[in-house]
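Notes follow once the structure below has been shown.
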Amino acid sequence: MKQNPATRRTNYGPWLVGLGAALWGTESAWRIPLNQLFDAQVIVFWEHILILLMLLPLLLSRLADLPKIDARTWGYLIFSGFAGSAVGTVFFTLALKHGNPTVVNVILNIQPFISTLGAFFLFGDRLTPRFFLYAGIAILGGILLSVEHPTLIGESFEKAGLNLGTGYALVCALFWGLSTVAGRGTMIGMPLRLAASLRVVVGLICMTFILLIYGKLNRVSLWPPAAQAHITTAIVALLLLASISGAIPLLIYFEGLRLTRASTAGYFEMMQTLAAVCITWGFFHAALHWHQVIAGIVLMAAVTMVQRAQAAVETSPIDGEMPLSSDR
């Protein structure tokens, strides 16, 4: 029996989500070496400029829709661009610089709990009774994952292995999780392609102000001596970050979300963690202790279970609602 087009689109939708998420997971491969050449804020600034240039045709093609956007949708978009595209990404870059990159990428899986809770307060989404049970398990798993030497935690946090990287990762997860909720509100009020490109515009404006505030909007800060000494590495890594890990997965991922139930998308989003861990552990030798591996598995299992439990109260994005998933 031949499948109708709608069925075929639904079948490959989750795989697009997985591919987009996996490509997002490659960003550590470029951010880690770029951290040696630029300040974190400068990396994110250049990233936004390059992504905007790549998405400019999409933005120009939908400018006629701008007058149709209401104030509420603009509010969601501005917060999403500020929290997710700009500030959250800065904290992620800092987390990779100051912490174990593998720990950072795994601990970011707490985002679905933040976004689900945020949607409960903002949109009145129902929570499954098991939500708080799985959230508690995930928090415990995240704590154990963050502690390199748990037997030394009684002496000091520093000896136990807690560092700035873990703190930055948690702040990043908070901003990205809240950005997901705002992104959902944005998608309700404007076309996907316009929302994706405008979000980058808002992020670039925010990063420009951030650089102005920190006094880094100058030639020396934007292209420091370290980058001048390794100009090929700097240019290639920035281009790969903006394309392979930026604009391309953005379009693939959100097209997949459009064709995929949120409950299904949640499983395929785990490809981001898998890709990131393969890179940080395999290429940068950021290994985990055995208890951290177990804690990471427990954390991801808890995320999977809460997404499965929430599936009963979700609405299919194919029926017109943007799913509550990762919004970078």
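FYI, the numbering just counts along the sequence from 1. In what follows, every heavy atom counts, from backbone to side chain, and hydrogens, waters and symmetry copies are set aside.
Below 30°, between 30° and 60°, or above 60°: for Phe91 and Phe175 the angle between ring planes is below 30°, a parallel geometry. Taking the six-membered ring where tryptophan is involved, the planes of Phe113 and Phe131 are tilted, since the angle between them lies from 30° to 60°. The aromatic rings of Phe79 and Phe82 lie tilted to each other, with the angle between the two planes from 30° to 60°.
Taking CG of Leu217 as the start and CD of Gln41 as the end, the distance is 12.0 Å to the nearest 0.5 Å. In this structure, the separation between NE2 on His289 and NE2 on His149 is 4.5 Å, given to the nearest 0.5 Å. Rounding to the nearest 0.5 Å places CG of Leu204 at 10.5 Å from CH2 of Trp46. Put simply, CG on Leu52 and CD on Glu47 are 12.0 Å apart, with the number rounded to the nearest 0.5 Å. Atoms CD1 and CD1, on Ile205 and Ile210 in that order, are 12.0 Å from each other to the nearest 0.5 Å. To the nearest 0.5 Å, atom CG of residue Leu299 and atom CD1 of residue Ile294 are 13.5 Å apart.
What you find for Ala196 and Leu250 is that their closest heavy atoms are CB-CD2, 3.9 Å. Taking every heavy atom of both residues into account, Ile78 and Val202 meet most closely at O-CG1, 3.6 Å. Closest non-hydrogen pair, Pro249 versus Leu23, comes out as CB-CB, 3.7 Å. Nearest heavy-atom pair, Ala234 versus Leu34, reported as atom, atom and distance to 0.1 Å: O-CD2, 3.9 Å.
Under the 3.5 Å distance criterion, the side-chain polar atoms of His98 are left unmatched by any main-chain donor or acceptor of Gly167. Side chain of Asn35 to main chain of Thr93: a donor-acceptor pair is present (N/O by atom type, distance under 3.5 Å, no hydrogens or angles). Side-chain atoms of Thr26 do not come within 3.5 Å of backbone N or O of Ala22 as any donor-acceptor pair. The backbone N or O of Thr180 sits nowhere less than 3.5 Å from a side-chain atom of Ser80 that would complete a donor-acceptor pair. Between the side chain of Asn218 and the main chain of Ser221, a donor-acceptor pair closer than 3.5 Å is present. Under a 3.5 Å cut-off, the side chain of Trp176 and the backbone N or O of Gly84 do form a donor-acceptor pair. Counting only distance, with no hydrogens or angles, the side chain of His48 and the backbone of Cys206 share no donor-acceptor pair below 3.5 Å. A distance-only check finds no donor-acceptor pair linking the side chain of Trp223 to the backbone of Ile231 [under 3.5 Å].
Taking a 6.0 Å sphere around CH2 of Trp15, one finds it holds 12 or fewer heavy atoms contributed by other residues, nucleotides or ligands. Heavy atoms from other residues, nucleotides or ligands lying under 6.0 Å from NE2 of His230 number 12 at most.
Side-chain contact check for Thr116 versus Asp125: every heavy-atom pair is 4.5 Å or farther apart. Thr166 places a side-chain heavy atom less than 4.5 Å from the side chain of Asn163. Residues Glu148 and Asn100 form no side-chain contact, since every pair of their non-hydrogen atoms from C-beta on lies 4.5 Å or further apart. Annotation: side chain of Cys278 is in contact with side chain of Leu274 (closest heavy-atom distance under 4.5 Å). For the pair Met190/Leu198, a side-chain contact is recorded, criterion being any heavy-atom separation below 4.5 Å from C-beta on. Trp30 has its side chain within reach of Ser245: a pair of non-hydrogen atoms, C-beta onward, lies under 4.5 Å apart. Side-chain contact between Leu127 and Leu117 is present, with heavy atoms from C-beta onward closer than 4.5 Å. Between Ile110 and Ile139 the shortest side-chain heavy-atom distance does not fall below 4.5 Å.
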Working for side-chain contact (heavy atoms from CB on, under 4.5 Å), residues Val306 and Arg130 | CA-CA 7 Å; Val306 78; Arg130 289 171 285 177; over 6 Å; no
With side-chain contact (heavy atoms from CB on, under 4.5 Å) as the test, would you mind laying out the steps for Leu96 and Ser28 before giving the verdict?
-> CA-CA 8 Å; Leu96 291 177; Ser28 296; 3.8 Å; yes
Give the intermediate values and the outcome of side-chain contact (heavy atoms from CB on, under 4.5 Å) for residues Met270 and Thr304.
-> CA-CA 9 Å; Met270 294 294 180; Thr304 301; 3.5 Å; yes
Ile49/Met207 under side-chain contact (heavy atoms from CB on, under 4.5 Å): CA gap, chis, key distance, verdict = CA-CA 10 Å; Ile49 288 180; Met207 289 311 307; over 6 Å; no
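Under the 3.5 Å distance criterion, with hydrogens and angles disregarded, no donor-acceptor pair is assigned to the side chains of Thr280 and Asn105.
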